[in-house]
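All chains are named by letter (A, B, ...) in the order of the sequence lines, taking the proteins before the strands, and each is independently numbered beginning at 1.
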There are 2 protein chains.
Amino acid sequence: MREAQPMSPAGRRIVAAAEELFYDRGITAVGVDLIAEHSGVTKRTLYNQFGSKDRLVATYLDERDQRWRSLVLAAVDACDGPVESVTAPFDALRTWSENNTRGCAFINALAELADPSHPAYRIAANQKLWLLNLFEELATTAGCGNPALLATQLLTLHEGALATQPLSLDTLSAGLDLARALVRADRPDPLRA
Amino acid sequence: MREAQPMSPAGRRIVAAAEELFYDRGITAVGVDLIAEHSGVTKRTLYNQFGSKDRLVATYLDERDQRWRSLVLAAVDACDGPVESVTAPFDALRTWSENNTRGCAFINALAELADPSHPAYRIAANQKLWLLNLFEELATTAGCGNPALLATQLLTLHEGALATQPLSLDTLSAGLDLARALVRADRPDPLRA
DNA sequence: GAAGGAGTTCACAGATCAGTATACCGAGGA
DNA sequence: TCCTCGGTATACTGATCTGTGAACTCCTTC
């Protein structure tokens with residue numbers, strides 16, 4: 001999905017404005033005129049750079065995906081051992097949630113873009129699959145007994161905490177505690193680990 | 001939220017069409033003209049009945065909430081014992097998902113309607129709180145040790161399974177299995193229960 | 001038979017939507 | 001010197017959006 005040549009300064013400003021506006025107000029509700037205005041750019045420039053609103057939406061989601069993956073991988077690297085790192089994506093979610101309180105941008109995008117052929121569909125699905133695979137790899141490295149099942153359970157908890165975020169229940173703490181317990185329980189000799 | 005007088009036949013048709021269109025294509029993307037056309041009704045009638053699109057959206061969510069709560073309560077009643085009934089909402093979710101494959105209508109609505117003063121906000125939040133309280137009541141009746149924590153965990157699993165539904169991973173089975181294990185583990189003398 | 005309400009028909013307002021056309025500007029490179 | 005390239009400025013198209021006005025047709029009820 002990464003485009004060959006890097007974006008121009010104007011292009012970067014456009015994507016930055018699009019990220020903020022699309023996430024806060026919804027994709028359909030935000031017009032290209034508003035994005036052009038917020039990024040201090042002409043609508044003509046916007047169309048010269050991205051060609052259509054749909055392609056700008058795809059770029060917005062892609063950019064967001066990259067940022068989020070970097071955050072998750074950094075959280076994994078910051079962990080002390082392989083067992084702790086299995087639940088590291090939950091730590092990343094806590095950091096992420098400080099500045100993103102309107103739920104999951106990809107789930108939200110899927111809610112608005114009904115057409116499965118829209119590029120957003122693939123991006124959103126890939127994002128969740130990437131996390132699922134990461135959970136499974138981390139669980140395998142940590143010596144868990146059933147990495148595939150554990151990964152699906154962890155993903156469900158993660159997405160549940162993320163989806164209920166706008167409602168201000170503390171599902172993230174509950175999800176993280178439960179996730180840690182699951183990882184411990186799935187390890188051989190959990191009492192000695 | 002229930003209005004005093006029951007809806008007219010035309011009003012019911014409008015809400016039925018709105019439910020289908022809003023859920024499938026998104027709220028902002030569906031115009032009132034389309035809803036009027038699909039319900040075989042004039043736009044004038046739609047506005048005579050509901051006054052504005054926002055109020056029709058609120059009625060749509062409210063109607064859906066009622067239907068869903070009935071389904072959940074029926075699933076609870078259909079259970080054999082108090083222990084099984086704690087996870088009954090997951091059974092209801094399986095039935096519900098057969099005809100609703102685009103995720104949670106309330107989370108989706110929140111994604112589109114940024115304004116917290118919109119009635120949809122309250123409806124969506126209340127729906128999740130109702131389920132949280134139901135989980136807690138059921139857990140208390142089943143004699144669980146920490147009903148409040150268990151309820152938050154079950155809600156997180158439930159919402160995770162619901163949110164990831166459009167992605168066609170089988171998170172519902174994983175969530176249900178884990179939910180059952182949690183309920184068993186939180187009961188006194190789990191081996192004899 | 002009169003009254004009233006639910007619904008229809010159709011035209012319309014005013015705003016906003018995505019996207020295009022045309023002409024212009026300034027800097028960097030061959 | 002010329003020429004391309006990224007970007008500006010502005011006006012525009014045609015469609016679609018929510019919402020309103022006014023007159024009309026039924027059907028029920030009193």
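- Atoms CZ (B:R44) and P (D:dA23) sit 13 Å apart, rounded to a whole Å.
- Among the protein residues, B:G11 comes within range of no part of the nucleic acid, since none of its heavy atoms lies under 4.0 Å from any strand.
- Neither B:L154 nor B:L149 shares a network with the other; the hydrophobic side chains, linked directly or stepwise wherever heavy atoms of I, L, V, M, F, W or Y lie under 4.5 Å apart, form separate groups for each.
- The NZ-C1' distance, from A:K43 to D:dT13, rounds to 11 Å in whole Å.
- In this structure, A:E20 places its CD atom where only 12 or fewer heavy-atom neighbours from other residues, nucleotides or ligands lie under 6.0 Å away.
- When the P atom of D:dC5 is taken as reference, atom CG of A:N48 falls 12 Å away, rounded to whole Å.
- An OP1 or OP2 oxygen of D:dG7 is reached within less than 4.0 angstrom by no side-chain nitrogen or oxygen of A:T45.
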Notebook entry, point to check: Can you check salt bridge (Lys or Arg N to Asp or Glu O under 4.0 Å) on A:E112 and B:R25, steps first, answer last?
Noted result: CA-CA 7 Å; A:E112 293 202 63; B:R25 310 191 195 178; over 6 Å; no
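- Relative to the ring axis of B:Y23, B:R64 places its NZ or CZ within 45° and under 6.0 Å from the centre.
- Rounding to whole angstrom units, CZ of residue B:F50 and C1' of D:dT20 are separated by 18 Å.
- Annotation: the span from B:T87 atom OG1 to B:R184 atom CZ amounts to 9.0 Å, rounded to 0.5 Å.
- Chain B approaches DNA chain C within less than 4.0 angstrom (heavy atoms of the protein), and the contacting nucleotides run 5' to 3' from C:dG7 to C:dT9.
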Interface polar pairs with nucleotides 24-27 of chain D, N/O, under 3.5 angstrom:
none

Considering only distance and modelled atom types, tabulate donor-acceptor pairs under 3.5 Å from the side chains of residues 132-142 of chain A, sequence neighbours left out.
{"residue": "A:N133", "atom": "ND2", "partner": "A:L129", "partner atom": "O", "Å": "3.4"}
{"residue": "A:T140", "atom": "OG1", "partner": "A:E136", "partner atom": "O", "Å": "2.8"}
{"residue": "A:T141", "atom": "OG1", "partner": "A:E137", "partner atom": "O", "Å": "2.9"}

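- With no hydrogens or angles considered, a side-chain donor-acceptor pair links A:S117 and A:D115 at under 3.5 Å.
- Distance A:M7 CE to D:dG6 C1': 15 Å, rounded to the nearest Å.
- Atom CG of A:D33 and atom C1' of D:dC12 are 13 Å apart (whole Å).
- Remark: the B:S173 side chain and the B:R94 side chain contain an N/O donor-acceptor pair separated by less than 3.5 Å.
- Among the protein residues, B:G40 comes within range of the sugar-phosphate backbone only, with heavy atoms under 4.0 Å from sugar or phosphate atoms but none that close to a base.
- Rounding to whole angstrom units, OH of residue A:Y47 and P of D:dC5 are separated by 23 Å.
- The residues A:E37 and A:K43 are annotated as not salt-bridged, no charged nitrogen and carboxylate oxygen being separated by less than 4.0 angstrom.
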